[in-house]
Amino acid sequence: MAENEDFYRKNGLRPGGRYDTIFYALYGGTNTFDIRCRFDLKQRLNRARLQRAANEALEDYPEFKVRPVLCGGRICYEENFKPVRITDDDNGRRYFGSDGEDGTNGYLFLFLVGERHITFSMFHGMTDARGMISYIISVLWRYARYSFPFLYLVSPKLLGAYGVRMNRELFDAMDDVERYDSVMKFKGEGEFVQLIEPGTLYRMPEEVYNKEEMTNRIVNLEISNGAFLQKTREAHTSFAPLLAAYAAEAINSAYEIGDKVISINTPVDARKFFGHTNTLCNMAYDCMLPLTKEDLAMPTENICAKIKQSQKKQMTKSHVNAMFQFIYDLSLQLDAMGDVDKANELLSGPDGMKAQADNMTLFLTYPGRVGNNIISRVLLDGVSPGMLSMERAINVYAHRDSLIIQVSMKSDDMTLVNALRQTLTRHGLDPKVSDLGFVAQNKLDFSRLKRIGR
């Protein structure tokens with residue numbers, strides 16, 4: 001979308017923002033990011049209550065109450081009036097943005113359910129972890145109230161302090177640019193921090209798998225959250241740096257990295273640099289945490305201190321302005337390739353985009369504790385992450401005394417899992433391993449999206 005273009009066209013469609021172009025062009029099709037979160041319930045699920053809660057909560061999230069439409073070769077959105085899709089968690093594949101038995105009622109997300117669990121699955125192009133968790137909490141709060149009427153006596157205002165919407169106030173307080181195109185809103189001049197010299201990155205061996213299968217192997221390593229917290233205190237650090245240090249140590253123990261640099265990349269929520277904006281556009285950016293073999297020979301406390309230094313250099317408004325300017329420029333380059341579905345087809349092919357970025361050995365995300373509120377106490381037995389994407393990754397969630405370190409990969413090569421298990425054991429954390437096997441990845445398929453004229 002051009003900088004001077006209105007957000008709503010005469011045909012009622014809203015053009016996608018700059019970050020939307022990135023996600024659809026790079027991560028649609030066979031590279032689809034299917035981000036999930038599973039909630040295990042204390043009681044049997046009541047589908048009717050969940051349906052009501054999901055539909056009602058969506059009214060406060062107009063950005064998500066849409067169907068993606070291909071118009072003039074670009075992604076646009078039209079308002080969607082269908083009910084939120086809730087279906088059995090049967091490891092079948094669903095298609096984001098489409099209709100039919102294997103579709104999502106046109107939405108970019110759906111709920112997969114079992115007798116005692118709810119799994120939220122979404123295309124990452126819709127929002128980031130902040131937006132995902134915000135909507136889920138809004139749904140679960142309503143579901144909890146319908147299940148336990150005494151909760152109507154409890155005010156949800158505390159949830160609003162964390163950006164969770166119980167009405168449209170936070171949405172209505174923003175202008176259209178902030179609501180729908182955070183890159184356009186917050187890009188600007190700044191100094192991009194580059195911590196890795198060209199040619200020095202260690203890249204893990206490429207996975208061997210069939211891209212047509214669209215599955216991910218999921219393995220959970222569960223440890224005590226309290227025990228891990230104690231480790232952070234001993235190392236005078238916080239969760240993300242210590243997790244990154246253990247991941248780098250595992251890679252170094254399993255592969256011969258030589259004189260290369262391991263970079264564990266973790267996402268950072270950029271909202272904090274712009275007055276804690278309430279936009280639910282994708283606002284995350286990758287923070288590179290490079291470590292050499294020599295670095296990894298240091299005590300854990302020193303490794304974490306170096307990681308914190310790397311984080312600090314990249315957690316500035318100047319760096320984020322420059323990062324968003326880079327994303328904006330990249331989106332224009334993708335536009336110049338022609339229709340977004342054709343660009344995706346080229347970039348997904350054998351001569352297209354490589355899986356790993358030039359500044360990343362392994363992606364690790366830690367959204368933080370997701371279950372330390374009244375919703376968790378009355379509804380939930382456990383919370384488990386899920387990230388089904390195009391390459392290896394580690395996704396970590398904390399809930400009560402459970403810290404689940406989940407490894408997602410495309411192949412059945414357990415080298416990284418075994419190395420991470422051994423690393424955690426070496427540090428006295430005694431991981432419990434749960435192999436969830438191969439999981440069907442929900443997919444955004446351009447051929448199934450609605451198309452209208454230019």
Side-chain angles (χ1 to χ4, degrees), residues 37 129 218-255 257 261-269 286-315 360-373 376 382-387 392-408 414-435:
C37 188
I218 302 293
V219 182
N220 285 351
L221 303 175
E222 183 176 356
I223 61 177
S224 164
N225 196 48
F228 193 84
L229 176 61
Q230 181 58 35
K231 291 291 182 183
T232 65
R233 290 168 175 162
E234 293 171 1
H236 301 97
T237 190
S238 52
F239 271 60
L242 187 56
L243 287 165
Y246 286 167
E249 182 180 326
I251 292 171
N252 185 47
S253 68
Y255 306 96
I257 72 168
V261 174
I262 295 172
S263 182
I264 306 298
N265 284 25
T266 61
V268 175
D269 185 352
D286 284 351
C287 189
M288 64 192 87
L289 308 175
L291 294 166
T292 65
K293 186 179 283 290
E294 289 71 26
D295 293 331
L296 290 166
M298 298 188 299
T300 301
E301 180 176 350
N302 298 75
I303 297 172
C304 292
K306 178 170 184 180
I307 289 174
K308 290 288 283 187
Q309 290 175 358
S310 297
Q311 286 180 313
K312 186 176 180 180
K313 291 176 183 177
Q314 297 167 87
M315 293 177 68
M360 178 176 67
T361 303
L362 184 69
F363 180 79
L364 183 151
T365 179
Y366 172 62
R369 181 180 291 276
V370 296
N372 58 347
N373 52 49
S376 171
V383 178
S384 179
M387 181 167 57
R392 301 179 189 90
I394 297 176
N395 200 9
V396 184
Y397 279 12
H399 180 259
R400 297 200 189 99
D401 193 44
S402 173
L403 184 70
I404 294 181
I405 302 170
Q406 182 177 96
V407 181
S408 174
M414 297 286 283
T415 303
L416 177 61
V417 173
N418 292 333
L420 188 56
R421 175 181 56 79
Q422 291 164 5
T423 297
L424 294 170
T425 301
R426 190 161 50 246
H427 287 278
L429 290 167
D430 190 27
K432 175 186 174 183
V433 181
S434 300
D435 188 345

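Basis for what follows: all heavy atoms, side chains included, without hydrogens, waters or symmetry-related copies. What you are looking at is a predicted structure, and each value in this text was computed from that prediction instead of being measured.
Here OG of S384 is found 8.5 Å from CD1 of I218. Values are rounded to the nearest 0.5 Å. Taking CZ of R392 as the reference point, atom CG of L362 lies at 8.0 Å (rounded to 0.5 Å). With values rounded to the nearest 0.5 angstrom, F228 atom CZ is found 3.5 Å from L242 atom CG. One finds the CG atom of L429 at 4.5 Å from the CD1 atom of I223 (value rounded to the nearest 0.5 Å). Rounded to the nearest 0.5 Å, atoms CG (L229) and CZ (F239) are 5.0 Å apart. Annotation: the span from L289 atom CG to T361 atom OG1 amounts to 10.5 Å, rounded to 0.5 Å.
Between the side chains of Q406 and N395, not a single donor N or O lies within less than 3.5 Å of an accepting N or O. Between N302 and T300, the side chains place no donor N or O within less than 3.5 Å of an acceptor N or O (distance only, hydrogens not considered).
For the residue pair C287 and V268, the shortest heavy atom distance occurs at CB-CG2, 3.7 Å. The two residues I264 and A244 make their nearest non-hydrogen contact at CG1-O, 3.7 Å. Across A398 and N225, no two heavy atoms sit closer than the pair CB-OD1, 3.7 Å. Scanning all heavy atoms of the two residues, the minimum distance from I307 to P241 falls at CD1-O, 3.4 Å. The two residues A419 and A250 come nearest to each other via the heavy atoms CB-O, 3.4 Å. Across all their heavy atoms, D295 and I303 have their closest contact at O-CG1, 3.4 Å.
If you run side-chain contact (heavy atoms from CB on, under 4.5 Å) between P431 and each of Q422, E222, R421, only R421 comes through.
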Step by step, would you call I257 with K293 a side-chain contact (heavy atoms from CB on, under 4.5 Å)?
-> CA-CA 8 Å; I257 72 168; K293 186 179 283 290; 3.9 Å; yes

Which is it for V433 and V219 under the side-chain contact (heavy atoms from CB on, under 4.5 Å) test, yes or no, and what are the steps along the way?
-> CA-CA 7 Å; V433 181; V219 182; 3.8 Å; yes

Residues S238, T232; criterion side-chain contact (heavy atoms from CB on, under 4.5 Å); working and verdict = CA-CA 5 Å; S238 52; T232 65; 5.7 Å; no

T266 and F363: CA distance, side-chain angles, deciding distance, side-chain contact (heavy atoms from CB on, under 4.5 Å) verdict | CA-CA 6 Å; T266 61; F363 180 79; over 6 Å; no

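Listed by first and then second residue, the salt bridge (charged side-chain N to carboxylate O under 4.0 Å, His left out) pairs that reach into residues 230-255 are E249-R426, sequence neighbours excluded.
In this structure, I262 and N252 have side chains that are in contact, with non-hydrogen atoms separated by less than 4.5 Å. Counting heavy atoms from C-beta outward, M288 and Q314 have side chains that approach closer than 4.5 Å. Using a 4.5 Å heavy-atom threshold, the side chains of I405 and Y397 count as separate. Residues L221 and I404 have side chains not in contact (no heavy-atom distance under 4.5 Å, counting atoms from C-beta outward). Annotation: side chain of P267 is not in contact with side chain of Y366 (no heavy-atom distance under 4.5 Å). In this structure, the side chains of C37 and V383 come closer than 4.5 Å at one or more pairs of heavy atoms.
Checked against side chain to side chain donor-acceptor pair (under 3.5 Å), T425 has no partners two or more places apart in sequence or in another chain.
Without hydrogens or angle criteria, S408 side chain to M387 main chain gives a donor-acceptor distance under 3.5 Å.
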